[in-house]
Every structure is written in structure tokens, then in C-alpha cells.
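In what follows, a single structure is set out as C-alpha cells and then discussed.
First listed ligand is number 1; within each ligand, the first listed atom is number 1.
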Amino acid sequence: MTDKKIIAVIGSTGSQGGGLCEAILGDPNGGFACRAITRDPSKEKAKALAAKGAEVVRADLDDVESLEKAFAGAYGVYGVTNFWEHFSAEKETAQAKNIADAARAAGVKHIIWSTLEDTRQLMKPDDKRMPMLQEKYRVPHFDGKAEGNAYFQGLPVTFLVTSFYWDNLYLFGLAPKKGDDGVYSWAFPMGNANLAGIAAEDIGKAAYGIFKAGRQYIGKTVGITGENLTVNEMSDKLGKGLGIGKVQYNAVEPDVYRGFGFPGADEMGNMFQVYRDFEKEVLGARSAETARSLNPELQTFDQWLAKNKSRIPL
Ligand SMILES: NC(=O)c1ccc[n+]([C@@H]2O[C@H](COP(=O)([O-])OP(=O)(O)OC[C@H]3O[C@@H](n4cnc5c(N)ncnc54)[C@H](OP(=O)(O)O)[C@@H]3O)[C@@H](O)[C@H]2O)c1
């Protein structure tokens with residue numbers, strides 16, 4: 001038995017939870033132990049966490065009893081769901097309920113729920129600027145998580161509002177592409193609005209800061225960003241940082257982007273349009289200052305790029 005406070009980390013083999021596990025394991029005198037939750041303890045990432053000292057436990061977000069067992073004896077829970085595995089907002093909300101129910105049953109002292117804002121509150125229901133998706137959502141992977149917030153009421157929860165990962169450039173194939181003329185370009189329906197972005201690993205590090213702060217953030221919503229940059233600013237930094245010359249930004253209209261046809265294009269089109277049309281609200285809900293106070297190693301875009309440039313497919 002450990003006398004450390006156990007944090008049961010959902011998504012331990014992924015970006016957010018993985019960042020938290022690394023933060024806990026990288027601070028052996030910090031007073032916390034990592035219980036890494038995965039559906040498959042035999043996968044390489046899970047074995048690597050075990051080798052670094054994590055307790056690896058099998059559980060599934062769709063199976064509340066497995067979560068209850070995985071949370072038993074834990075001080076804290078990091079809760080995250082993966083919309084992109086199934087593309088269903090309703091399923092995400094149901095998984096949030098399972099996390100909350102299991103945390104309640106296990107008597108967990110602090111839960112961090114990785115959530116996003118309800119974008120429907122930014123527009124009237126009859127607003128025609130973007131389509132409703134999955135019948136009742138504007139941005140399903142935001143709204144489904146926000147609906148999940150209600151299940152955590154009455155629990156010792158911190159709502160962690162995250163930002164666009166810069167890592168999407170290699171994880172989601174969003175990096176600029178080289179044209180036949182040799183010029184790199186990319187398209188977003190962002191106009192000249194700022195995009196709140198963050199190094200994915202810094203989300204987990206901020207979560208660790210929240211756990212370390214004890215009761216300070218219980219009952220609070222904490223929004224984090226690494227740096228807010230326009231796509232033109234990101235293009236300049238990518239051109240210089242990757243040594244690929246000028247990166248052309250094509251500021252397409254959201255309808256054009258939604259029509260690109262890749263899986264989730266409508267969803268992403270709505271999301272970027274929210275970032276563009278509600279820039280003030282989106283940026284106002286996220287703070288780099290708070291993120292840096294929780295994680296003094298918070299990266300800027302340039303720092304993230306210097307560290308990750310070899311991962312970006314050119
Ligand atoms: N990409 C972005 O810019 C961005 C920004 C903000 C928020 N987000 C949100 O981040 C979420 C994904 O987080 P991530 O990027 O950290 O994930 P990720 O790197 O894609 O990995 C997914 C993680 O979720 C776990 N998982 C998925 N389904 C599970 C289930 N049924 N039971 C147990 N564990 C399950 C996986 O564990 P195993 O496979 O090992 O079981 C894995 O560790 C999405 O919902 C997305 O909306 C993304």
C-alpha cells in the first residue's frame with residue numbers, strides 16, 4: 001500500500017491523461033501516485049507507464065462497475081472522454097455520467113472533469129449561421145461534454161476547460177501541406193481571430209497543479225490556454241520554425257470548410273466558426289496566466305514547435 005494519494009487517471013494512454021501520469025511519475029516526492037486506467041493493460045503505452053511506476057488498472061468508460069473498482073481507494077480522479085473514437089455527443093455525456101457515478105460511489109475526494117463550453121449558449125436556437133449537428137448540438141464534442149457537467153454537481157469537482165492542441169498538426173493531419181508550386185498552405189474558417197492553443201502535454205501538467213493545490217480549485221471552473229495566436233501568426237512561426245518558407249493561410253468560409261468531406265468536417269467547421277465568431281467569449285474562458293501558475297513549464301507555440309517539429313509531416 002502506498003501512503004501517497006492515488007490519482008486514478010482515465011485516458012492514461014492518451015494525450016491528456018498521459019500528460020498527467022508523466023507529471024505525477026516525474027515528481028516522486030510530490031505525494032501522489034498514478035493509477036493508470038486503460039481498457040488494455042497490454043498496450044505499449046500502458047506497459048511503459050507501469051515500467052515508470054504506475055499501477056495499471058483495466059476499466060471501460062462504458063462500464064460503470066469497472067470504473068467504480070478502478071476508483072476504489074483513490075483520492076482523485078481525472079476524467080476525460082474521447083469523442084473522436086465514436087463521434088457521438090450522447091455517448092460522451094453518458095460516459096461523463098459513469099465517471100461521476102463511479103466517483104460518487106467510491107467516495108473520491110477530488111475529481112477533475114475535462115470539459116468544454118456549451119456552444120449552444122452562444123447562439124439563439126434559430127441562429128442560421130451554422131447547422132445543428134446530431135439533431136441538437138452546435139459543436140457536439142463541446143456540447144456533449146458540457147451536458148456531462150451536470151452529473152458532477154454535488155461532487156468535489158474541478159471543471160477543466162481545455163484548448164485546441166497544437167499537437168493536432170501531427171495527430172489530426174492539420175499541418176500545412178506542400179502544393180505543386182512548392183508553397184505550403186493550410187485552410188481554416190478562422191478569419192483573423194485568435195486561436196487558443198496549448199501543447200497537449202501541458203493539459204495534464206496543469207491538472208497535476210490543480211490536484212497539488214488541494215481544495216483551492218474544488219467547485220471551480222479553470223480554463224487554460226498556452227498562447228492565443230491568429231492563424232497568420234502561427235503560419236509565420238511554422239514557416240520560420242520548420243524552415244519551409246512562407247506558409248499561406250487560406251481563410252475559407254465555414255460552409256466551405258464543412259464541405260471538405262473528411263470525417264468530422266462539419267463538426268470542425270462549426271468549432272472553428274465558434275472560435276471566430278465568439279472569439280471574445282472563447283478567449284475569455286481560458287487563461288495562460290492561470291495555466292502557467294498551475295504549470296510553470298507551460299509552453300508557448302514556439303517552444304512547443306522546437307520540441308515537436310520532427311513529428312510534423314512535411
Ligand atoms: N484535439 C484537441 O485539440 C482537443 C482539444 C480539447 C479537448 N479535446 C478532447 O480530448 C478528448 C480526447 O482526449 P485525448 O486527446 O487525451 O485522447 P487520446 O490521446 O485520443 O486518447 C484517448 C484516451 O481515452 C481512453 N479511452 C477512450 N475510450 C475509453 C473507454 N471507453 N474506456 C476507457 N478509456 C477510454 C483511451 O484509453 P485506452 O484506449 O488505453 O483504453 C486513451 O487513453 C476528446 O474528447 C476531445 O474532444 C481535444
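Classification of the Tyr275-Phe272 ring pair by plane angle, with boundaries at 30° and 60°, yields perpendicular. By the 30° and 60° cut-offs, the orientation of the rings of Phe211 relative to Phe32 is tilted.
Ligand 1 does not have Ser114 within reach: every non-hydrogen atom of the residue lies 4.0 Å or more from it. Ala59 counts as a contact of ligand 1, since one of its heavy atoms falls under 4.0 Å from the ligand. The closest approach between a heavy atom of Lys145 and any atom of ligand 1 is below 4.0 Å.
One hydrophobic cluster, built from ILVMFWY side chains closer than 4.5 Å, cannot hold both Val108 and Val57; they sit in different ones. Cluster membership check: Ile10 does not share its hydrophobic cluster with Leu25, using side-chain heavy-atom separations under 4.5 Å among Ile, Leu, Val, Met, Phe, Trp and Tyr.
With Glu92 as the partner, the side-chain hydrogen bond (donor to acceptor under 3.5 Å, both in side chains) test is satisfied by one option alone out of Lys145, Lys97, His141: Lys145. With Arg39 as the fixed residue, the side chain to side chain contact (heavy atoms under 4.5 Å, CB included) test singles out one of Asp62, Asp60, Asp63: Asp60. Ser235 pairs in a side-chain hydrogen bond (donor to acceptor under 3.5 Å, both in side chains) with only one of the listed residues (Trp186, Tyr184, Tyr249), which is Trp186.
Near Phe164, the atoms of ligand 1 lying under 4.0 angstrom from a non-hydrogen atom of the residue are 3 (O). Residue contact check: Val80 has heavy atoms under 4.0 Å from atoms 13 (O) of ligand 1. Shown in contact with Thr162 at under 4.0 Å from a heavy atom are these atoms of ligand 1, numbered in order with element: 6 (C), 7 (C). For ligand 1, the atoms closer than 4.0 angstrom to any heavy atom of Ser163 are 5 (C), 6 (C). Of all atoms in ligand 1, numbered sequentially from 1 with element shown, those under 4.0 Å from a heavy atom of Thr81 are 11 (C), 12 (C), 44 (C), 45 (O). Counting the atoms of ligand 1 from 1 in the order shown, those under 4.0 Å from a heavy atom of Glu92 are 45 (O). Near Lys43, meaning under 4.0 Å from any of its heavy atoms, are these atoms of ligand 1: 38 (P), 39 (O), 40 (O). For ligand 1, the atoms closer than 4.0 angstrom to any heavy atom of Glu85 are 27 (C), 28 (N).
Atom CD of Glu289 has 12 or fewer heavy atoms from other residues, nucleotides or ligands within 6.0 Å. A 6.0 Å sphere centred on CD of Glu90 holds no more than 12 heavy atoms belonging to other residues, nucleotides or ligands.
Considering backbone and side-chain N/O atoms, Phe83 comes within less than 3.5 Å of an N/O atom of ligand 1. Close N/O approach between Leu61 and ligand 1 is found [any backbone or side-chain N/O within under 3.5 Å]. Residue-to-ligand polar distances place Gly14 within reach of ligand 1: an N/O pair is separated by less than 3.5 Å. Checking only distances, His141 never comes within under 3.5 Å of ligand 1, N or O to N or O. Between Asn168 and ligand 1, a contact under 3.5 Å exists for at least one N or O pair.
At the shortest separation from atom 15 (O) of ligand 1 among protein heavy atoms lies Tyr165 OH, 2.7 Å. Of the protein's non-hydrogen atoms, the one nearest atom 19 (O) of ligand 1 is Ser15 N, 2.8 Å. For atom 16 (O) of ligand 1, the nearest protein heavy atom (residue, atom name, distance) is Gln16 N, 2.7 Å. Of the protein's non-hydrogen atoms, the one nearest atom 34 (N) of ligand 1 is Arg39 NE, 4.0 Å. Counting protein heavy atoms only, atom 24 (O) of ligand 1 is closest to Gly11 CA, 3.8 Å. Here the protein heavy atom with the shortest distance to atom 31 (N) of ligand 1 is Asp60 OD1, 3.0 Å. Nearest to atom 20 (O) of ligand 1 among the protein's heavy atoms is Asn82 ND2, 3.6 Å. The nearest heavy-atom contact from the protein to atom 37 (O) of ligand 1 is Thr13 OG1, 3.3 Å.
A ring-centre distance under 6.0 Å is not found for Trp113 and Tyr151.
Contacts of Ile37 with ligand 1, taken as heavy-atom pairs under 4.0 Å, are absent altogether.
Here the closest non-hydrogen pair linking Tyr217 and Leu294 is CE1-CD2, 3.6 Å. Nearest heavy atom pair, residue Ala196 against residue Leu283, reads CB-CD2, 4.0 Å.
Side chains of Asp40 and Thr38: a donor-acceptor N/O pair is absent below 3.5 angstrom, by distance only. A donor atom on one side chain and an acceptor atom on the other are not found under 3.5 Å apart for Tyr257 and Gln273.
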(request) Please assess Arg258 against Asp255 for the test salt bridge (charged side-chain N to carboxylate O under 4.0 Å, His left out), listing each intermediate value before the final yes or no. (result) CA-CA 5 Å; Arg258 282 187 279 268; Asp255 272 339; 2.9 Å; yes
